[in-house]
Number of protein chains: 2
Amino acid sequence: MLQNYIKSTNINPHVSVDCVIFGFDFTGLKVLLIERKRENQKINIQKNMLLPGDLIRDDEDLDTAAQRVLRELTGLKNIYLTQFHSFGDPNRVSSKSDAEWLISVREQPTARVITVAYYALVKLHDYKPAASSFAKKTEWCDISAIPELAFDHNLIFTKALEHLQRTLREHPIGFELLPKKFTLSQLQKLYEAILQIPLDKRNFLRKILKTNILIPLKEKQQGVSHKRAQLYGFDKKNLSKVKHFGI
Amino acid sequence: MLQNYIKSTNINPHVSVDCVIFGFDFTGLKVLLIERKRENQKINIQKNMLLPGDLIRDDEDLDTAAQRVLRELTGLKNIYLTQFHSFGDPNRVSSKSDAEWLISVREQPTARVITVAYYALVKLHDYKPAASSFAKKTEWCDISAIPELAFDHNLIFTKALEHLQRTLREHPIGFELLPKKFTLSQLQKLYEAILQIPLDKRNFLRKILKTNILIPLKEKQQGVSHKRAQLYGFDKKNLSKVKHFGI
DNA sequence: ACAAAAGTGTTTAATATACACCCATGT
DNA sequence: ACATGGGTGTATATTAAACACTTTTGT
């Protein structure tokens, strides 16, 4: 099936895209990992999780390829997606299990592959696992508990997180990970989860309100056993006006 | 055929690196452009300048390939070099003259090539044009007067400059472009040339001195028809201690 | 003497940080 | 009544920005 897929399209066997897909479930920052399909059951079970990715097609732009991977895996469109680095170590595929898996899955399993890495921010509550040709199983893994991954994917993940942290400190991209309505403390928890530092509630509020990107809604949080928090939405009109958002 | 090619030459015909090499001559920020060698004289003379770059070798890391291009072209080693973006538009080679040039130069002129772009900061006064296989002629071109370049190289240049500007605002990398001894106003002119904004002399001085990365030398500028300026060097020991250098 | 760039402080505005108590709700 | 998180203001320290005159040197 996978084979048919490859043959029927124009695959470029030399370049792939990999996607570090971040989500936020109000407790911590998560990354979407997939378990690789093993047609040959004898393959070593070590390092069996990896980042989603695929070889690009020969008529396809890099960004388009990353979007395709994302859509096939999550069913989501219009997602925040940024290319952040390319990885081309000739020894990217160093382990035996990686090499064996490629043999089972690729037409040119020993071809050297350069991968262009992207990170995406998705609204986790919108996500429904899509039936995908990529994955046997998908899993949202907390960033504090990433296992050893196949290939150089731990390195790719680390670079993605660093990039996300740097970007979040300067640009208000947090709403990409939140539902349309959210409370200030949910937003603060998001910042704390990504930056991995505690923030002061009042100072955070002041700073974020000054940007004019939050609109207070006429609604309050429901079903909590404490005072109901004000709900906010993001004002995308003002987003472009925010220059420096230092946190 | 593909197999033979790969075996015989060791070149990976699918991935290249391109280098945006910046230099500073005390009047403005410059980029090193090369004029492409034309074996066939009939090739259109339009867009004849381009950024230096090369196909990678099949056993070579991306960073290594970029360093190799840099060394072959400039003779310099130990140069500040950063990967900043990869370009893979399937129509990167759109013009007729680009396609013709590739035919005259590459074994697989129509192969799709993804390019991984780097920018480098070099000390212009150390630079001696090296005899290079890449270039017919090399030229330091002021960033305000970049001509139309081959392929998507204008796009690559623009992205490189944006990246450099962002980096310079946060990290004191200016010294990579300056000689060992320099005056404060030379440093300031460098910042102004890169960021393309005017800076206040006293405020700039205060900010840069607070980082402790400058060492005043026991020397003064010579041969100028005005008051001789204090010379400074960079203190690399303190470089890593500088966290936020906002300008 | 003049031109050209060096060198040098102060005042004011803006921003960042630290910090603690009462409130509304569900159990 | 109590546990939980929501909501709110002020004082202080730090950083940024604006601004002008005197000095040294070569011509």
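Residue numbers begin at 1 in each chain, while the letters A, B, ... track the order of the sequences.
- When atom types are taken as modelled, the side chain of Thr82(A) and the backbone of Phe84(A) share no donor-acceptor pair closer than 3.5 angstrom.
- Going from atom NZ of Lys227(B) over to atom P of dT25(D) covers 8 Å, rounded to whole Å.
- Rounded to whole angstrom, the span from the CG atom of Leu184(A) across to the P atom of dG7(D) amounts to 7 Å.
- Comparing atom distances between the Lys210(B) side chain and each of dG7(D), dT15(D), dA16(C) picks out dT15(D) as nearest.
- If you take NZ of Lys220(A) and P of dG7(D), they are 6 Å apart, rounded to a whole angstrom.
- Listed candidates were dT25(C), dA4(C), dG7(C). Nearest to the side chain of His226(A) is dT25(C).
- Relative orientation of the Phe22(B) and Phe157(B) rings is tilted, given thresholds of 30° and 60° on the angle between their planes.
- The side chain of Lys207(A) lies closest to dA16(C), out of dG7(C), dA16(C), dG5(D).
- Between Ser185(B) and dA5(C) there is no side-chain N or O to OP1 or OP2 distance below 4.0 Å.
- For the pair Leu209(A) CG and dG6(D) C1', the computed distance is 14 Å after rounding to whole Å.
- Here the side chain of Asp25(A) pairs a donor or acceptor atom with the backbone of Gly28(A) at under 3.5 angstrom.
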With the criterion being N/O to N/O and under 3.5 Å, what pairs connect the protein with nucleotides 10-13 of chain D, and how long is each?
from: dT10(D); atom 1: O4; to: Arg206(A); atom 2: NH1; distance (Å): 3.2
from: dT10(D); atom 1: O4; to: Arg206(A); atom 2: NH2; distance (Å): 3.3

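- Note on Gln230(B): only backbone sugar-phosphate atoms sit closer than 4.0 angstrom, heavy atoms only; bases stay farther off.
- Checking side-chain atoms of Gln188(A) against main-chain N and O of Leu199(A) turns up a donor-acceptor pair under 3.5 Å.
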Side chains of residues 234-242 of chain A: which donor-acceptor partners sit under 3.5 Å, not counting sequence neighbours?
from: Asp235(A); atom 1: OD1; to: Lys237(A); atom 2: N; distance (Å): 3.1
from: Asp235(A); atom 1: OD2; to: Asn238(A); atom 2: ND2; distance (Å): 3.2
from: Asn238(A); atom 1: OD1; to: Lys241(A); atom 2: NZ; distance (Å): 2.8
from: Asn238(A); atom 1: ND2; to: Asn212(A); atom 2: O; distance (Å): 2.8

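- If you measure from atom CG of Leu205(B) to atom C1' of dA6(C), you get 11 Å, rounded to the nearest angstrom.
- A donor-acceptor pair is defined here as one N or O able to donate and one able to accept, closer than 3.5 Å; no such pair exists between the side chain of Asp152(B) and the backbone of Arg92(B).
- Nearest-nucleotide mapping onto DNA chain C: of Tyr232(B) and Asp200(A), the residue sitting toward the 5' end is Tyr232(B).
- Between Leu231(A) atom CG and dG7(D) atom P there is a gap of 9 Å when expressed in whole angstrom units.
- Looking at Arg202(A), its side chain comes within 3.5 Å of the base of dA20(C) through a donor and an acceptor atom.
- Whole-Å rounding puts the Gln221(B) CD to dT23(D) C1' distance at 15 Å.
- To the nearest angstrom, C1' of dA5(C) lies 14 Å from CZ of Arg228(B).
- In the displayed structure, Gln165(B) atom CD is contacted under 6.0 Å by more than 12 heavy atoms of other residues, nucleotides or ligands.
- In this model, a side-chain donor or acceptor of Lys201(B) finds a partner on the base of dG7(C) within 3.5 Å.
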